[in-house]
There are 2 protein chains.
Amino acid sequence: MPKVTFFNLPEDKRATLILSLKKEFSRVPLYDASISNIVKAAGIPRGSFYQYFEDKEDAFFFILNDFVACINHQFFTLIKKYNGDLFDTMQEFFQIIIEEEENVHFFRNAFLNMTYRIESTFSRIFKEHETNNNLKVLSSLLNTSILNFSSEEELNHLLQIISAVTFRNIVEKFAKELPNEEALRRYRLELTLLKSGLVRHLERESRGTS
Amino acid sequence: MPKVTFFNLPEDKRATLILSLKKEFSRVPLYDASISNIVKAAGIPRGSFYQYFEDKEDAFFFILNDFVACINHQFFTLIKKYNGDLFDTMQEFFQIIIEEEENVHFFRNAFLNMTYRIESTFSRIFKEHETNNNLKVLSSLLNTSILNFSSEEELNHLLQIISAVTFRNIVEKFAKELPNEEALRRYRLELTLLKSGLVRHLERESRGTS
DNA sequence: ATAATATATGACAAGGTGTCATAAGTCAAT
DNA sequence: ATTGACTTATGACACCTTGTCATATATTAT
């Protein structure tokens with residue numbers, strides 16, 4: 001967390017600094033980012049940076065948390081839009097992320113360099129966490145009648161699976177610079193597989209039985 | 001790839017250097033590793049390091065590739081052992097990785113700091129790649145009759161899903177320092193969900209219907 | 001006006017990386 | 001054996017980064 005001094009900063013100075021942070025973390029991933037660049041861009045002396053943040057990581061996760069909070073909000077909006085259908089929700093969720101334009105480079109760097117802490121920040125959306133109550137809230141918003149779980153633990157795992165697959169698809173999209181269309185097609189294919197299950201059930205469906 | 005000079009090194013000198021690399025990359029993740037530490041431990045001058053490797057990354061991936069080749073081999077042995085049952089194979093595969101003792105710290109650092117390049121190196125096991133022919137070979141070894149796919153592309157996605165979920169479980173095990181038993185229990189639960197599918201199919205099973 | 005507190009500043013120590021001129025080996029051919 | 005061509009070894013060095021700290025400057029309360 002940034003220090004109080006940061007939050008006491010006059011609006012415009014803070015805004016400039018935040019912009020400089022986003023700029024640097026969009027240029028390169030966290031570990032290649034340089035505080036020198038940030039302070040140069042923000043026009044503040046180096047010492048000041050350390051009045052505001054513990055270190056580079058602190059600043060990075062301040063920005064990331066903000067993005068994630070925003071994404072989190074969008075996610076919940078989508079669930080309502082799709083009447084609790086998790087799969088329709090995820091599909092548009094995926095689309096929103098890969099079509100995001102303003103902060104593509106920031107996201108690209110974050111996804112291609114997913115340390116556990118970064119992953120953990122993102123998957124907070126799908127998990128119970130001190131800062132939120134998402135599992136409970138999700139549980140109430142989801143159309144659970146179509147989902148294959150029989151306990152809260154299973155629901156949790158189900159969501160972990162979905163988020164892992166989703167993240168992997170986003171990473172692949174960025175890494176291989178897939179066109180949005182193609183990325184979406186592949187993601188849909190995986191969602192379909194996830195829904196129907198990875199083992200063949202003859203009595204249920206005809207896919208692949210002929 | 002290390003430079004030729006590295007491969008021309010006398011056996012024992014190369015072995016010492018490799019040990020020093022493993023030691024440093026076990027101590028801290030790639031981006032915190034220090035070449036100074038490595039050369040100090042190996043007892044070679046700093047300049048020599050650059051005769052052998054392009055840089056830190058080069059050395060890291062040389063070591064990682066070696067580990068992955070070994071894991072890859074174990075994976076194929078398991079498939080044969082389980083007569084092509086992908087799920088039984090994955091279960092023991094998971095177990096082998098989390099129970100590995102000699103190089104826990106190396107793996108821990110690699111999994112908790114999964115850049116795309118690291119992930120990509122690991123998932124080479126489940127993917128077609130210049131250096132291997134795994135999709136084709138897998139295809140022939142797997143008991144595909146129990147798997148729910150109807151094209152090579154679908155099989156590929158099926159494997160991507162399994163590997164994403166597997167990696168996520170390994171990461172969680174390391175991050176939360178779960179006991180092996182607990183990690184395995186959770187992984188099994190997710191495998192079960194994956195097999196039966198995330199949506200409920202009343203006519204097929206009784207889980208969660210009562 | 002004064003003291004107490006909060007913020008700003010940039011020089012600096014410590015440590016990291018990659019390079020390069022130079023030294024030292026190795027080997028083949030005369 | 002000596003020469004020359006080539007490969008390998010070496011550590012000082014330039015350059016860059018980070019985080020700290022003594023000092024200067026605001027700000028606020030009394």
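Convention: sequence-line order gives letters A, B, ...; per-chain numbering from 1. Worth saying up front: this structure is predicted, and the values here are computed from it rather than measured.
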In whole angstrom, give the distance that lies between atom [atom1] of [X] and atom [atom2] of [N].
X: A/I38; N: D/dT17; atom1: CD1; atom2: C1'; answer: 12 Å
X: B/I44; N: D/dT8; atom1: CD1; atom2: C1'; answer: 12 Å
X: B/Y50; N: C/dT17; atom1: OH; atom2: C1'; answer: 5 Å
X: B/R46; N: C/dT22; atom1: CZ; atom2: P; answer: 21 Å
X: B/F49; N: D/dG11; atom1: CZ; atom2: C1'; answer: 16 Å
X: B/L17; N: D/dA9; atom1: CG; atom2: P; answer: 11 Å
X: A/E24; N: D/dT17; atom1: CD; atom2: C1'; answer: 12 Å
X: B/Y31; N: C/dG16; atom1: OH; atom2: P; answer: 18 Å

Do the ring centers of A/F174 and B/Y116 come within less than 6.0 Å of each other? no
Determine whether the aromatic ring centres of A/F106 and A/F60 lie less than 6.0 Å apart. yes
Closest-nucleotide ordering on DNA chain D, the 5'-leading residue of B/G47 and B/N8: B/N8
Is any side-chain nitrogen or oxygen of B/S36 closer than 4.0 Å to OP1 or OP2 of C/dT17? yes
Under 4.0 Å: is that the gap between some side-chain N or O of A/K13 and OP1 or OP2 of C/dA8? yes
Does [X] reach a base, just sugar-phosphate, or nothing at all? Heavy atoms under 4.0 Å.
X: B/Y52; result: sugar-phosphate
X: A/S48; result: base
X: B/K3; result: nothing

Does B/E24 pair with B/K56 as a salt bridge, N-O distance under 4.0 Å? no
Does a donor on one side chain and an acceptor on the other come within less than 3.5 Å for A/N72 and A/N132? no
Are a donor atom and an acceptor atom from the side chains of A/Q91 and A/Y82 found within less than 3.5 Å of each other? no
B/Q51 vs B/D55, nearer the 5' end of DNA chain C by closest nucleotide: B/D55
Side-chain contact check for B/S34: nearest option of C/dA8, D/dT18, C/dG16 is C/dG16
Closest nucleotide among D/dT8, C/dT17, C/dA8 to the B/T5 side chain: D/dT8
